[in-house]
Each structure stands twice: as structure tokens, then as C-alpha cells.
Amino acid sequence: MSPHVQQLALVDCNNFYVSCERLFRPDLQRQPVVVLSNNDGCVVSRSNEAKALGVKMGQPWFECRQLEQDDGLLALSSNYALYADLSNRVMAILSDFSPNHEAYSIDECFVDLTGISKLREVSYEMRERVGRWTGIPVCVGIGPTKTLAKLANHVAKKHPRSKGVFNYNDLTAEQKARLLAQLPVEEVWGVGRRLTQRLALHGVHSVLDLREAHIPTLRAEFGVVMEKIQRELQEVSCIKLEEVQQDKKQIIASRSFGNMVTELPVLKDALSTFVANACAKLRAQNSQAAVIQVFLQTNRFRKELPQYMPSLAIPLPQPTSDTLVVNRWADYLCERMFKEGYQYKKAGVMLSEISSIAYQQGDLLEPAPAADSRLMQALDSLNQRFGRGAVRVSTQGAYGEWQMRQGRKSPCYTTRWSDVPAV
DNA sequence: TCTCCGATTAGAC
DNA sequence: CTAACGGTCTAATCGGAGA
């Protein structure tokens with residue numbers, strides 16, 4: 001093999017949320033288990049046994065709920081504090097294998113193993129060490145580009161013979177072609193449902209079809225994104241490893257309500273919580289926002305009810321990350337949009353035009369409101385020590401109607417002492 | 001006619 | 001309580017407004 005081929009590994013946790021729950025509930029092993037999204041709305045993680053029962057990713061819980069009685073399917077509310085904590089542990093272990101790595105999502109990490117000797121042994125060791133130290137099962141896919149590493153990971157997950165590790169770079173040209181011909185094009189990273197349909201119209205069904213497609217046609221019909229995907233399949237790296245986490249360019253805090261909301265004060269109360277979360281995220285990356293947007297939504301699935309989905313944005317007089325300042329604007333925007341006679345199901349706040357506080361522009365007319373940032377710093381450090389929501393804006397949480405339903409949540413074993421069972 | 005901007009679309013997980 | 005369907009984020013693209 002030529003020495004300059006990139007050996008890029010994608011390590012992906014198996015059924016991550018379900019695997020996290022199983023760590024503290026050994027009785028869930030070999031049982032059909034799913035984890036639900038916020039508000040216990042949709043299935044977002046499935047054990048293999050749940051997949052075998054036909055439960056689909058993203059399926060609304062009420063649609064498969066019957067399986068609870070019929071087949072012993074167990075559903076749990078999501079416990080993000082637990083998943084984030086375990087994710088951090090997995091990432092820390094993986095980072096020991098290479099200084100060049102990217103935590104791509106809560107359950108996936110790219111690790112650049114180029115130039116490592118005994119690559120085979122090392123990739124098995126990654127899998128085993130994560131399993132031994134955290135109890136989370138993972139699969140490893142290796143390829144010359146991110147897109148092919150992802151595809152290799154898919155192969156590792158699907159074929160038991162691979163024992164959880166698959167290296168695309170080990171294949172001959174013929175073996176590569178044979179493998180790609182068997183894989184449907186929707187398995188490719190960046191090709192979703194819509195693009196799969198459109199590609200089929202052009203006779204592109206397998207990954208091999210896409211790799212070999214006529215380039216000018218592809219570019220004209222599908223744009224630069226598809227061209228990049230094709231180049232990646234041709235082993236030309238177009239998507240680089242992002243080793244440092246980029247600052248968010250946009251921050252959204254929104255939630256569906258546990259019950260429909262009809263009154264303005266309740267909406268404002270919910271929004272003040274969203275503002276607090278969004279501004280805390282903003283401050284955590286040392287940024288400020290210049291535009292705030294608020295949106296309200298009725299339940300789009302209830303077609304018989306009157307629908308109203310307003311959204312309003314406003315440029316702030318000065319960029320800020322101050323919860324109290326943003327909250328006043330959110331109140332104002334909410335009041336301007338609120339209409340009596342609708343049942344609101346969801347609301348949210350979006351912060352955009354985000355910049356680093358390092359570049360704070362001095363305002364010639366208004367004195368800089370630096371004093372308030374001390375209050376926000378105090379608030380952040382208290383909430384960090386005692387848990388999110390320990391210190392709040394006065395109105396926040398006065399009404400309970402909007403809070404989401406989470407009737408099936410497991411205890412916070414790793415992040416809250418009081419939830420750890422006595423030995 | 002060109003450019004900018006907001007809204008829309010598509011995707012990931 | 002007897003209906004019930006997530007939350008964030010990015011990038012490309014498109015159409016209209018305004019220069």
C-alpha cells in the first residue's frame with residue numbers, strides 16, 4: 001500500500017442512548033429497549049431487539065406503543081446529562097490514540113491513525129478499551145476519507161464477521177468495486193431520502209453508480225455538495241478534520257410543550273427559560289449576539305385546529321449575551337405576535353449574528369454595559385456548581401403547564417449524587 | 001444587471 | 001388523562017428587493 005494513504009478511523013457507539021441506559025440496568029440486556037426524544041415524542045435510539053420488532057428510527061411513540069404490552073418493549077425518556085457524561089469519557093479514551101481527532105457528534109469520533117504501526121491491532125484495541133473502560137460497545141471503520149470511513153463503519157456494524165472493525169484501505173480495487181456495488185446510495189453520508197429519490201431518476205442506485213457518475217451532469221443537477229461527496233468516494237479528501245470545535249454561528253433554544261398553551265404569561269415564562277439557556281450557551285463560547293428571533297407554533301399535526309406559526313426577528317441596539325436584556329426583547333417580540341384563540345404547542349428563541357466578545361465595538365453614544373456581565377458570570381458559575389436552573393430570572397418557571405413530559409426517565413447515576421443507589 | 005438578504009430546503013444525529 | 005409526532009445546527013440555493 002502506498003504510504004501516503006490516509007488511515008482515518010470513524011469510531012461510532014452502537015445504539016448509544018440505549019447502551020448508556022443498559023450500563024446501569026443490566027436487566028435490559030437482550031431486551032427490546034428504546035429511548036424517546038424530548039416530551040417522550042419519538043424513538044431516537046433502539047436496541048437490536050427493538051429494531052427486530054420493526055420499530056423505526058424517529059417513529060412517534062404512540063404508533064409503536066402497543067408493542068409495550070404485546071412484546072415487552074421498554075421505552076425510556078432521554079437522559080441527556082447521562083449521555084453527555086459517557087460521551088466525554090469515550091472521547092477522552094479515543095483521544096489517547098491520536099492527537100488528531102474530531103468529536104463529530106455525541107456518539108461518533110474521527111481519529112486519524114495515519115502512520116501508526118500495527119494499525120490492525122490498534123484499531124481492535126480502540127474498540128476493546130472503550131468497551132472495557134466504559135461498557136459502551138463501539139465499531140471502527142477506516143478509510144482514506146471521512147465519507148469512506150463512515151461507509152466502512154457501516155460495514156463493520158452490519159457484518160458480524162468483521163468483529164466490529166473494517167478497513168476499506170485493505171481492499172483491492174476489485175473488492176472495493178464489488179463492495180460499493182452492493183451498498184445502496186442512501187448509505188452514503190450526506191445522501192438522504194430526497195437525494196436518493198432524485199439520484200434514482202438518473203440511474204444512480206448503488207454507491208458505485210455514484211462514484212462512477214458523469215461528473216459535469218452530476219455537478220449541474222446536484223450542485224457542489226454532491227460533487228464533494230463523489231470526490232470523497234474517489235478517495236480524494238474534501239472534508240477536513242475539524243480538530244477544534246468551531247463557535248456556533250446560531251444558537252436555538254426551543255421546546256414542545258407538555259400541554260397546549262393558550263395564555264400569554266405562560267408563553268413568556270417558557271420563553272424566559274429558553275432565553276436563559278440560549279444566553280448561557282452564548283456566554284460559554286465568549287460570544288454575543290446582534291439579532292434575536294422568537295417564534296411561536298401551534299400543533300401542525302392537529303389539522304382540525306386553527307394554525308398560526310409566527311416568527312419575528314429584531315436587531316439589538318447593541319450585541320449582548322445578557323439574559324436579562326435578551327429576555328426583555330423576547331417578551332416584547334412575544335407580545336407583538338401573540339394572538340388570543342390559538343393553542344400553542346411550541347415556542348423558541350434564536351440568537352444570530354454572533355460575534356466574539358473580543359471584538360466588542362464601543363458605542364459612541366451608549367456607555368458599555370460591562371457591569372452587568374459580572375452578574376451573568378456569577379449566575380453561570382452558580383448554575384455550573386449547583387445544576388442548571390439553580391439560579392433563575394424571577395419569572396422563569398412560575399407556570400408549570402408548558403414543561404415537557406418525561407415520565408420514563410432513568411436516574412442521573414453519573415452526574416447526581418442523590419441518584420446513586422446505596423451500596 | 002448585479003448583489004445582497006431572508007426564507008426555504010436538505011442533511012446529520 | 002383518552003390524545004399523543006424532537007431539538008440543534010450547517011450549508012446551499014432560490015427569488016425578490018434594491019442599488
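Note on naming: letters A, B, ... go to the chains in the order of the sequence lines (proteins, then strands), and numbering restarts at 1 for each one. Heavy-atom basis, side chains included; hydrogens, waters and symmetry copies ignored.
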Q: Would you kindly give the CD1-to-P distance between I252(A) and dA7(B), to the nearest whole Å?
A: 13 Å
Q: Could you check whether L195(A) gets within reach of a base, just the sugar-phosphate, or nothing at all, counting any heavy atom under 4.0 Å?
A: sugar-phosphate
Q.
From CG of D107(A) over to P of dA12(B), roughly how many Å is that when rounded to an integer?
A. 14 Å
(Q) Checking contacts here: which listed nucleotide (dG6(C), dG11(B), dA12(B)) is nearest the side-chain heavy atoms of C42(A)? (A) dG6(C)
Q. In the structure shown, which nucleotide is the Watson-Crick or G-U wobble counterpart of dC14(C), with both distances under 3.5 Å?
A. dG6(B)
Q.
Whether N39(A) contacts dC5(C) is assessed here as follows: a side-chain N or O lying under 4.0 Å from the phosphate OP1 or OP2. Is that the case?
A. no
Q. Picking from dC5(C), dA12(B), dG7(C), which would you name as closest to the side chain of E63(A)?
A. dC5(C)
**Q.** Nucleotide dC5(C), atom P - distance to CG of D40(A) in whole Å
**A.** 11 Å
Q) Whole-Å distance between dA12(B) C1' and E187(A) CD? A) 14 Å
**Q.** M404(A) or R65(A), whichever maps to the more 5' nucleotide of DNA chain C
**A.** R65(A)
Q. Between dC9(C) atom P and E353(A) atom CD, what is the distance in whole Å?
A. 16 Å
Q: Look at all strands and tell whether F16(A) reaches a base, only sugar-phosphate, or nothing, counting heavy atoms closer than 4.0 Å.
A: nothing
Q. So which of F338(A), F295(A), W402(A) actually passes ring-ring contact (aromatic ring centres under 6.0 Å, His included) with Y344(A)?
A. F338(A)
Q.
Would you say that N167(A) contacts Q7(A) through its side chain, given a criterion of any heavy-atom pair below 4.5 Å between the two side chains?
A. yes
Q. Touch check for W189(A), heavy atoms < 4.0 angstrom, all strands: base, sugar-phosphate only, or nothing?
A. sugar-phosphate
Q: Rounded off to whole Å, could you give me the CE-to-C1' distance for the M57(A) and dG11(B) pair?
A: 14 Å
(Q) For a quick check of understanding: with a heavy-atom distance under 4.0 Å over all strands, which category does A253(A) fall into, base, sugar-phosphate or nothing? (A) sugar-phosphate
Q: For the residue pair F257(A) and F274(A), categorise the inter-ring angle as parallel (less than 30°), tilted (30 to 60°) or perpendicular (more than 60°).
A: parallel
(Q) Within the supplied structure, the quantity of interest is the number of heavy atoms (other residues, nucleotides, ligands) at a distance under 6.0 Å from K249(A) NZ; does it exceed 12? (A) no
**Q.** Pair assignment for dC1(C), Watson-Crick or G-U wobble, requiring both distances under 3.5 Å
**A.** none
Q.
Tell me whether the count of non-hydrogen atoms from other residues, nucleotides or ligands lying under 6.0 Å of CZ in R30(A) goes above 12.
A. no
Q: Rounded to the nearest angstrom, tell me the gap between atom CD in Q297(A) and atom P in dG7(C).
A: 9 Å
Q: Would you kindly give the CD1-to-P distance between I106(A) and dT8(C), to the nearest whole Å?
A: 13 Å
Q | Contact under 4.0 Å: S256(A) side-chain N or O vs dG7(C) OP1/OP2 | A | yes
(Q) By the 4.0 Å heavy-atom rule, please label Q59(A) as base, sugar-phosphate, or nothing. (A) nothing
Q. Checking K339(A) against Y308(A): charged group under 6.0 Å from the ring centre and within 45 degrees of the axis?
A. yes
Q) Toward the 5' end of DNA chain C, which comes first, K281(A) or N299(A), by nearest nucleotide? A) N299(A)
(Q) Can you identify which nucleotide, out of dA10(B), dT8(C), dC5(C), has its nearest atom closest to the R194(A) side chain? (A) dA10(B)
Q: For the side chain of N38(A), starting at C-beta, report the closest nucleotide among dT8(C), dG6(C), dA12(B).
A: dG6(C)
Q) Under 4.0 angstrom, heavy atoms only, what part of the nucleic acid is R255(A) near: base, sugar-phosphate, or nothing? A) sugar-phosphate
Q: Check whether any side-chain N or O of S37(A) sits under 4.0 Å from OP1 or OP2 of dC5(C), and answer yes or no.
A: no
Q: Taking only heavy atoms on the protein side, list every residue of residues 220-251 of chain A lying under 4.0 Å from any atom of DNA chain B, sorted numerically.
A: none
(Q) Does K157(A) have more than 12 heavy atoms from other residues, nucleotides or ligands lying within 6.0 Å of its NZ? (A) yes
Q) Taking the six-membered ring for Trp, is the centroid-to-centroid distance between H202(A) and F222(A) below 6.0 Å? A) yes
**Q.** D40(A)/S77(A) under side chain to side chain donor-acceptor pair (under 3.5 Å): CA gap, chis, key distance, verdict
**A.** CA-CA 6 Å; D40(A) 293 345; S77(A) 304; 2.7 Å; yes
